[in-house]
Amino acid sequence: MPSATPQLLTGLNPEQLAAVTLPPQHALILAGAGSGKTRVLTTRIAWLISTSQAGPHGILAVTFTNKAAKEMLTRLSAMLPINTRGMWIGTFHGLCNRLLRAHYVEAGLPQLFQILDQADQLSAIKRLLKSLNVDDEKFQPRELQHFINAQKEQGARASAVEAWDDFSRKRLELYDAYEQQCQREGVVDFAELLLRSFELLSRNEILCRHYQQRFRHILVDEFQDTNRLQYRWLKLLAGGGACIFGVGDDDQSIYAFRGAEVGNMRDLEREFKIANVIRLEQNYRSHGNILDAANAIIKNNQSRLGKNLWTDAGSGEPIRVSEALSDIDEARWIVEEIKALSRDGHARSECALLYRSNAQSRVLEHALFNAGLPYRVYGGLRFFERQEIKHALAYLRLIANPDDDTAFARVVNFPTRGIGARSLEQLADLAKAQQCSLHAAIGQLTGKAQASLASFAQLIVKMREGSSDLPLPEVVDHVLDLSGLREHYRNEKEGQDRLANLDELISAAANFIMEENRHENSAANAAEQTDLAAFLAHAALEAGEHQAGDSDDAVQLMTVHSAKGLEFNVVFISGLEEGLFPHEQSQLEEKGLEEERRLMYVAVTRARQRLYLSFAQTRMLHGQTRYNLASRFLEEIPPSLLKWLTPKARNDFVAQPKARYASAPASPAMPHQPHSLQRENENGLRVGQNVRHTKFGVGVIVNAEGSGMDARVQVNFGHAGMKWLALSVAKLTPA
DNA sequence: CCCACCTCATATCCT
DNA sequence: ATGAGGTGGG
């Protein structure tokens with residue numbers, strides 16, 4: 001082993017050390033949560049460079065989130081005296097974007113191609129279906145979107161897929177038509193970024209060899225989350241003798257829904273002939289009880305590579321569990337706990353509130369807001385996804401590329417300028433006949449619609465001319481005025497927030513330029529690229545992870561998915577209810593429950609010192625009150641690790657009759673106002689009550705109808721699902 | 001032909 | 001809560 005910079009290696013445990021100093025060869029590191037995965041990755045890179053086994057130029061490192069990429073860059077520049085600019089470090093999508101920008105001609109793309117995010121893609125598909133007069137009942141846009149993405153994630157173009165029946169054939173035609181539409185408009189969706197750059201490399205031998213020879217070391221974070229196409233992409237790039245260094249944890253694979261395949265880890269091991277997989281099992285993050293809980297939960301999964309985390313940090317505090325009457329009470333309780341923690345000297349920014357779905361954040365935000373506690377929400381409706389921002393971006397996109405029909409359709413009549421559905425229909429027909437973009441079709445238009453559309457085209461020209469030579473922030477400012485967006489939101493009564501956001505967009509542009517100049521790392525290679533196009537790509541790829549108020553000591557709110565890779569002293573996991581976590585949609589998927597369990601595993605292992613678990617008897621969701629049983633994941637934790645803060649519901653979690661103020665879903669009565677007594681029926685049952693069924697076990701009554709011999713109740717049995725039962729037949733006893 | 005207003009259906013997780 | 005779709009007034 002070269003002896004350079006030993007201080008780089010101090011403090012590593014034997015397994016970490018082995019991983020960092022592996023001789024040049026393919027490697028797979030099975031790294032449990034909190035086992036120092038990021039540290040190993042960054043130290044490996046630093047070690048390769050400082051021992052002269054590789055230059056910065058020869059490093060390619062792929063991560064899954066921009067946050068992780070940034071983190072890696074920061075740590076690296078702290079470790080190494082050299083500039084990190086030669087390295088390619090980023091997300092798959094970010095790196096592919098970079099590749100395509102640099103070789104847009106070879107990739108068959110316009111120089112200023114735009115990136116469609118999920119919402120853009122959906123509206124492009126809707127537009128396509130309309131123009132082809134396809135019944136959108138039979139071919140639902142969302143479903144089609146999912147189909148197209150799934151094909152691309154497999155690396156399959158429409159021509160490469162076989163169809164056996166009419167429906168599949170038609171669906172493939174639509175896939176094909178969608179691709180043509182995107183090509184015509186000069187836009188690419190997320191999956192296309194990957195597929196297109198894969199094809200670019202596999203078809204262009206010279207280019208491929210260039211990159212194969214350049215990148216000697218390819219390091220991949222979160223390997224369990226790669227999809228099939230990403231795997232092939234890596235394999236292709238490593239074809240010239242580069243070493244792949246994969247780090248992953250099969251227990252933290254939570255992106256199957258977007259094509260991730262855990263099997264890729266096994267394939268890597270097999271195809272790259274990795275003799276000994278290095279396991280990192282010592283956890284440096286969490287106290288023992290938390291780890292024991294995590295291990296106990298994940299043990300219930302069948303398909304695992306096998307791994308058990310341990311720590312020498314001592315068992316620490318018990319895991320606190322709380323049952324609330326309603327989601328609102330749950331939120332109030334959390335706020336009280338945080339206040340108490342705060343008084344005890346815990347930083348608010350070290351407290352994280354995790355939940356399964358974004359919709360759950362609202363109640364929590366409300367409670368935090370009322371209590372005057374600063375908080376910060378990650379994910380959810382992100383900055384660049386807000387409608388006013390998307391409108392503004394659409395104008396910017398039209399400046400860069402007037403043929404971008406998605407952008408065109410979005411703002412051609414916003415703010416309204418007398419261009420209605422009829423005129424647009426004419427225009428679309430014409431564009432279709434001429435095989436050209438909407439913008440290009442304006443010139444050939446005749447009749448009444450011509451004038452208003454021509455003046456819109458004029459407007460775009462005016463914007464472009466007026467903004468050439470201006471710095472980017474001023475371009476944005478200029479566009480906000482000329483487009484009439486500012487004016488429009490000024491006159492709207494609820495428009496103040498939106499106006500503020502538009503101003504924020506100008507700052508975002510200014511920030512972007514500053515960042516870009518600071519470490520020219522990211523897009524410097526694509527020399528031809530204008531600031532505008534770079535900014536638009538940034539907006540699509542990084543939907544706005546940084547919000548205002550970065551510096552405040554704020555409570556952190558996020559979904560479990562976005563919490564992956566992060567850690568906090570105190571973690572609350574809320575909404576631990578059947579149907580919510582595990583999510584009911586997951587029951588429909590084959591391996592759905594196992595993925596939910598991994599998600600729970602990820603959630604639990606975010607905590608360093610203290611973990612709270614909570615659930616509510618009733619919850620408002622989508623305007624309906626729902627009655628849920630406690631999550632099965634609570635049952636999977638050994639009781640000895642738990643400390644119940646509310647009277648413990650043991651056994652089936654429902655030994656205690658529930659409070660008597662639950663109301664039927666149909667009833668508007670608020671469940672948290674303890675006065676709406678529900679009438680009991682003649683059998684002594686009422687909505688909200690827990691009952692036991694000989695076959696289905698314990699459940700909660702969520703609805704009732706009929707009386708006497710016809711009386712039926714609807715019971716949510718959690719594990720066994722939702723059932724309607726006739727009281728005259730089914731034996732139900734209060735539980 | 002366009003627009004403002006109303007009703008209705010809809011709703012994981014994310015680059 | 002938000003978007004798509006329908007309706008009546010201009």
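The stacking criteria are not both satisfied for A:Phe64 over the base of B:dT15, which would need a centre-to-centre distance under 5.5 angstrom and an angle between ring planes under 30 degrees. Aromatic stacking of A:His561 on B:dC13: not satisfied for centres closer than 5.5 Å together with planes under 30 degrees.
For the pair A:Glu596 and A:Gln118, both in contact range of DNA chain B, the more 5′-proximal nearest nucleotide belongs to A:Glu596.
Look at A:Arg356 and you won't find any side-chain N or O under 4.0 angstrom from OP1 or OP2 of B:dT12. Put simply, A:Thr559 has a side-chain N or O that comes within less than 4.0 Å of OP1 or OP2 on B:dC14. Phosphate contact (OP1/OP2 of B:dC14, side-chain N/O of A:Lys564, threshold under 4.0 Å): absent. OP1 or OP2 of B:dT15 has not a single side-chain nitrogen or oxygen of A:Thr65 nearer than 4.0 Å. Between A:Asn358 and B:dC14 there is a side-chain N or O to OP1 or OP2 distance below 4.0 Å.
Contacts of A:Asn413 with the nucleic acid, taken as non-hydrogen atoms under 4.0 Å apart, involve only primed sugar atoms and P, OP1 or OP2. Using a 4.0 Å heavy-atom distance criterion, A:Arg258 is classed as a base contact. Within the nucleic acid shown, A:Glu584 has no heavy atom closer than 4.0 Å to any nucleic acid atom. Contacts of A:Arg142 with the nucleic acid, taken as non-hydrogen atoms under 4.0 Å apart, are absent. At the heavy-atom level, A:Phe92 lies nowhere under 4.0 Å from the strands shown.
Of the possible donor and acceptor atoms, one in the side chain of A:Thr65 sits under 3.5 Å from a partner among the backbone N and O of A:Ala68.
Taking CZ from A:Phe190 and CG from A:Leu116, the interatomic distance works out to 8.5 Å, rounded to the nearest 0.5 Å.
Between A:Tyr255 and A:Phe257, the ring-plane angle classifies as tilted under the 30° and 60° cut-offs.
We find that A:Glu594 and A:Arg304 are not joined by a salt bridge, their nearest charged nitrogen and carboxylate oxygen being 4.0 Å or further apart.
For A:Gln585, the side-chain atoms get nearest to B:dT12 when compared with the rest of B:dC2, B:dT12, C:dA1. Of all nucleotides listed (C:dA1, B:dC2, B:dT15), B:dT15 comes nearest to the side chain of A:Phe190.
A side chain to side chain donor-acceptor pair (under 3.5 Å) with A:Asn264 is found for one member of A:Thr226, A:Asn227, A:Asp250, A:Asp225 and no other, namely A:Thr226.
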